[in-house]
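The chains referred to below are lettered A, B, ... by the order of the sequence lines, with proteins before strands, and numbering in each begins at 1.
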Amino acid sequence: MSKEDDPHGQEKSYGPLSAFRLAAARTIATVADLPEETVYGLLESPPRPDLGDFAFPCFSLAKTHRKAPPMIAASMVETLNASPFPELITAAQATGPYINISIDHDRFCRAILELVLAQGESYGNLETGKGKAVVIDYSSPNVAKPFGIGHLRSTVIGAALARIHRAAGYEVFGINHLGDWGTQFGKMMVACMRWGKPGENDPDPVKTMFNLYVRFHKEAESDPSLEDEGRAWFKKLEEGDPEAHKYWVLLSDIGRTEFSRIYDRLGIQFEHFTGESFYNDKLTEMVDLIKEKGLLETSQDAQIVNLEKWDMPPALVKKADDSSLYLTRDLAALLYRHRTFQFTKALYVVGMEQTLHFRQLFKVGELLGLDWVEGCEHIPFGLIRFKEGRMSTRHGKIIFLEEVLDRSVDLVQKIIDEKNPELENKEEVAHAIGIGAIVFNDLKHRRLKDVQFDWDEILNFDGKTGPYLQYSHARISSILRRSNETPTALPEKLQLDLPEEKDLVRRLATFSRVIQSAADESEPSYVSTYLLDLAEVFNRYYNLGGKNPANRVLCEDQEIRSSRLCLVLSVKTVLQKGLALLGVKAPEKM
RNA sequence: GCGCCCGUAGCUCAGUCGGAUAGAGCACGAGUUUCCUAAACUCGGGGUCACAGGUUCGAAUCCUGUCGGGCGUACCA
């Protein structure tokens, strides 16, 4: 219960809501005979908005008061009602074991909407990360393989985390730790030499590489000497063999070109595009350091760090043939990154199957006495699987990301032609929605869950999807266009009396907290879920106008109309901002 | 074998630092458009929160065990 020791910190994290929460806590504290901070920490949200804005559970008082919680609640509310409420508080009522506090609705709406209108797209931003640098290693595809749907996860989760951390005030360095080094490169060289490398005029060099990759692994099953040959060529590459280097340039260029095109489509930019090869000249220093600390051992001709004490298999630093491994390069990268960026946090957005690798990596860092390794964290995520089982590039069982994007955009194109054929810049919108649907689909579930690839589901644009959010945004844009006015300030008297309106404002108020927890837990889906809830309330609200024109935003009464315009503009701002955090565009029309 | 992750409606999931009647979407059935974009909205059926113990005033949530699925477990990344 040490959380309550820091009311200031909490005040910050509740954002614009904190003043009201504090007032509620103060109110309860007077009758509960508890410190204000304790009450502040215990406050909950009632399950239904009509019950009130803050709920105080009386269970914990049962022992000291020697009474049943509902009776405590009732008698405390009686006391509260006997004298006038403090500022910002309008009502207290006992419902079972809870005291529900209602806050000053007008002041609340005014405070929130004023803030959103004033801050615009920076609404929700925090300063918790101010002065801190965070390094995010994400996407990091293997150059020798095509970009499959499986790579989408690291890419979009990492990109979202980069934006979310920026919104939380951090300085972010996104790094694409391209897999452009390692044994698999030697294997690709062997494949090229045996079966022909992608030529200069190859229309689809990626496809050619993919075929070579699959063929190599198929033939290696019956001829294991291929593997040895691959390892030998990688060793040559590391030793600076010119022929090996030539192949390396050819292959990594093909990969880089392909990936750049995909990142463009996804709207992702990296601060650093430094692959594993970048650390080739930094490996010696790393190995020397390990040796210096007396951690290096020779085992079965390989150089290792023994991690038996920590119930882990040994960390392999050098292979028997003295060439480097994934871990060697990651250790070098770790050192380099801290030196270069002085990070407080370093996130590795890499699949869950590599958990052991990162445990070993961080443990070796710790053994080397690098105390800052504490700030390093593996951010794992679940696999994308077929219904029939695992995807495997080696066996050619893969779905290309570009195919998914293409099909999605095509389908959106068709839907637009059907629903809104007059739409200008159709292609641009189709791109925004088609890509957005795929990206959002990947970010709407909690990271750790395995996801099953299903064409029907990924190309479904109804319900809890990216297009649903974009559609809500477009609806608001349409209202604002028709209104012929852009609200810049709140009207004298803010009139938002529908329960849906209050609900919307309440949700707007929690946006910064959502960003905070998404950053703290590296969980972009918090933002997705939040946006879906917000849009759902908005759409319900919007549909009220279908039955009764007085409930429309663009209603007769000028004052109500202005109030509602401010509200929906705020909702639009948050939708747009939230989608932007996830890497999804929000078109004005669709 | 051991380690990590997951198990909530037919399907996909939210809810998980314990709290009020376990919520959505998809699919299925029935409705809503002379009126702010029907990619929307409303209503309906549908649940032993994998199972068994334990802690607690209170457990989908915490602990232990069992079962089921996934991943990993030295020269791949």
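- The separation of B:A40 from B:U8, taken at their P atoms, amounts to 26 Å, rounded to a whole angstrom.
- Residue A:Gly545 is classed as a base contact, given a heavy-atom separation below 4.0 Å to a base.
- The nucleotide B:G3 finds its pairing partner in B:C71, both defining distances of the Watson-Crick or G-U wobble pair being shorter than 3.5 Å.
- Minimum atom distance to the side chain of A:Arg385 is reached by B:G70, of the listed B:G70, B:A77, B:A20.
- Residue contacts shown for A:Pro314 include a base, since a base heavy atom lies under 4.0 Å away.
- Residue A:Ser477 is classed as having no contact, given no heavy-atom separation below 4.0 Å to the nucleic acid.
- Base pairing annotation: B:G25 forms a Watson-Crick or G-U wobble pair with B:C11, both donor-acceptor distances under 3.5 Å.
- Nucleic acid contact for A:Glu588: base, since at least one base atom lies under 4.0 Å from a heavy atom of the residue.
- Comparing B:G69 with B:C17, their P atoms are spaced 29 Å from each other, to the whole Å.
- Among the atoms of the strands shown, none is found under 4.0 Å from any heavy atom of A:Gly351.
- Rounded to the nearest 0.5 Å, atoms NZ (A:Lys572) and OG (A:Ser477) are 3.0 Å apart.
- When heavy atoms are screened at a 4.0 angstrom cut-off, A:Leu316 is found touching base atoms of the nucleic acid.
- Across all strands, A:Pro380 comes closer than 4.0 Å to no nucleic acid atom at all (heavy-atom distances).
- If you take NZ of A:Lys444 and P of B:G15, they are 14 Å apart, rounded to a whole angstrom.
- Atoms NE2 (A:His445) and P (B:U12) sit 10 Å apart, rounded to a whole Å.
- When all heavy atoms of A:Leu43 and A:Ala24 are compared, the pair lying nearest together is CD1-CB, 4.1 Å.
- We find that A:Lys414 and A:Glu418 are not joined by a salt bridge, their nearest charged nitrogen and carboxylate oxygen being 4.0 Å or further apart.
- If you check every strand for non-hydrogen atoms under 4.0 Å, A:Leu325 touches sugar and phosphate atoms only.
- Of all non-hydrogen atoms in A:Gln360 and A:Pro314, the two that sit nearest each other are NE2-O, 3.3 Å.
- Contact annotation: A:Arg540 reaches the phosphate of B:U42 (side-chain N/O to OP1 or OP2, under 4.0 Å).
- For A:Tyr471 and B:A39, the shortest distance from a side-chain N or O to OP1 or OP2 is below 4.0 Å.
- Among A:Val568, A:Ile476, A:Leu567, the single residue meeting the side-chain contact (heavy atoms from CB on, under 4.5 Å) criterion with A:Val553 is A:Val568.
- Counting non-hydrogen atoms under 4.0 angstrom, A:Arg48 reaches a base of the nucleic acid.
- Among the nucleotides B:A40, B:A77, B:C36, the one closest to any side-chain atom of A:Val553 is B:C36.
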Inset, instruction - Could you check A:Tyr348 against A:Asp330 for side-chain hydrogen bond (donor to acceptor under 3.5 Å, both in side chains), going step by step and ending with a plain yes or no? - result: CA-CA 11 Å; A:Tyr348 290 81; A:Asp330 255 1; 5.7 Å; no
Inset, instruction - Would you check, one step at a time, whether the test side-chain hydrogen bond (donor to acceptor under 3.5 Å, both in side chains) holds for A:Glu238 with A:Ser324? - result: CA-CA 8 Å; A:Glu238 268 200 329; A:Ser324 73; 2.4 Å; yes
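- Between B:C41, B:G72, B:G70, one nucleotide has an atom nearer to the side chain of A:Asn543 than all others, and that is B:C41.
- Between B:C63 and B:U21, the two P atoms lie 25 Å apart (nearest whole Å).
- Looking at A:Ile304, A:Leu283, A:Leu295, A:Leu296 one by one, the single match for side-chain contact (heavy atoms from CB on, under 4.5 Å) with A:Val317 turns out to be A:Leu296.
- Side-chain atoms of A:Glu353 lie closest to B:C71 of the nucleotides B:C71, B:U37, B:A20.
- When the P atom is compared between B:G72 and B:U56, the two are found 41 Å apart, to the nearest whole Å.
- Considering only the side chain of A:Gln300, B:A74 comes nearest among B:A39, B:C36, B:A74.
- Side-chain proximity of A:Ile479 to the nucleotides B:C71, B:A14, B:C36 is greatest for B:C36.
- Between A:Ser478 and B:C36 there is no side-chain N or O to OP1 or OP2 distance below 4.0 Å.
- Base pairing analysis places B:A40 opposite B:U32; the two distances defining the Watson-Crick or G-U wobble pair are each below 3.5 Å.
- Using a 4.0 Å heavy-atom criterion, one finds that A:Gln303 contacts no nucleic acid atom at all.
- Of the C1' atoms belonging to B:G23 and B:U64, the separation is 30 Å, rounded to the nearest Å.
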Legend entry - Steps toward salt bridge (Lys or Arg N to Asp or Glu O under 4.0 Å) verdict (A:Arg407, A:Asp410): CA-CA 5 Å; A:Arg407 278 176 71 166; A:Asp410 282 353; over 6 Å; no
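- Not a single donor-acceptor contact under 3.5 angstrom links the side-chain atoms of A:Ser525 to the base of B:A14.
- The base-pairing partner of B:A50, taking Watson-Crick or G-U wobble contacts with both distances under 3.5 Å, is B:U66.
- Spacing between B:U55 and B:U61 at atom C1', rounded to whole Å, works out to 14 Å.
- Looking at heavy-atom distances under 4.0 Å, A:Ala320 makes contact with a base.
- Cation-pi geometry between A:Arg475 and A:Tyr542 is met: under 6.0 angstrom from the ring centre, within 45 degrees of the axis.
- Not less than 6.0 angstrom separates the ring centroid of A:His177 from the ring centroid of A:Tyr326.
- The side chain of A:Val451 sits closest to B:C13 out of B:A39, B:C13, B:A40.
- When the C1' atom is used for both B:C36 and B:C41, the distance is 14 Å, rounded to whole Å.
- One donor-acceptor pair, N or O on each side, does fall under 3.5 Å between the base of B:A20 and the side chain of A:Asn100.
- Of the two residues near RNA chain B, A:Arg329 and A:Leu383, the one whose nearest nucleotide lies more 5' is A:Leu383.
- Relative to the side chain of A:Thr529, the nucleotides B:A14, B:G25, B:C36 differ in distance, and B:A14 lies closest.
- The residue A:Lys547 sits apart from the nucleic acid: no heavy atom pair falls under 4.0 Å.
- Residue A:Met590 is classed as a base contact, given a heavy-atom separation below 4.0 Å to a base.
- Side-chain proximity of A:Ala55 to the nucleotides B:A20, B:C76, B:C36 is greatest for B:A20.
- Inspection of the A:Asp180 and A:Ser252 side chains reveals no N or O donor paired with an N or O acceptor under 3.5 Å.
- Side-chain N/O atoms of A:Arg475 include one lying less than 4.0 angstrom from OP1 or OP2 on B:A38.
- Ranking B:A38, B:U21, B:A77 by closeness to the A:Tyr542 side chain, first place goes to B:A38.
- Along RNA chain B, the nucleotide closest to A:Pro313 and the one closest to A:Ile433 are compared, and the more 5′ of them pairs with A:Ile433.
- A:Gln354 comes within contact range of at least one nucleobase, with a heavy-atom separation under 4.0 Å.
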Sort me out a list of protein N/O and nucleotides 1-10 of chain B N/O pairs below 3.5 Å, or just none if empty.
| from | atom 1 | to | atom 2 | distance (Å) |
| --- | --- | --- | --- | --- |
| B:G7 | OP1 | A:Lys449 | NZ | 3.3 |

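- The gap from the P atom of B:C11 to that of B:A27 amounts to 16 Å, rounded to the nearest Å.
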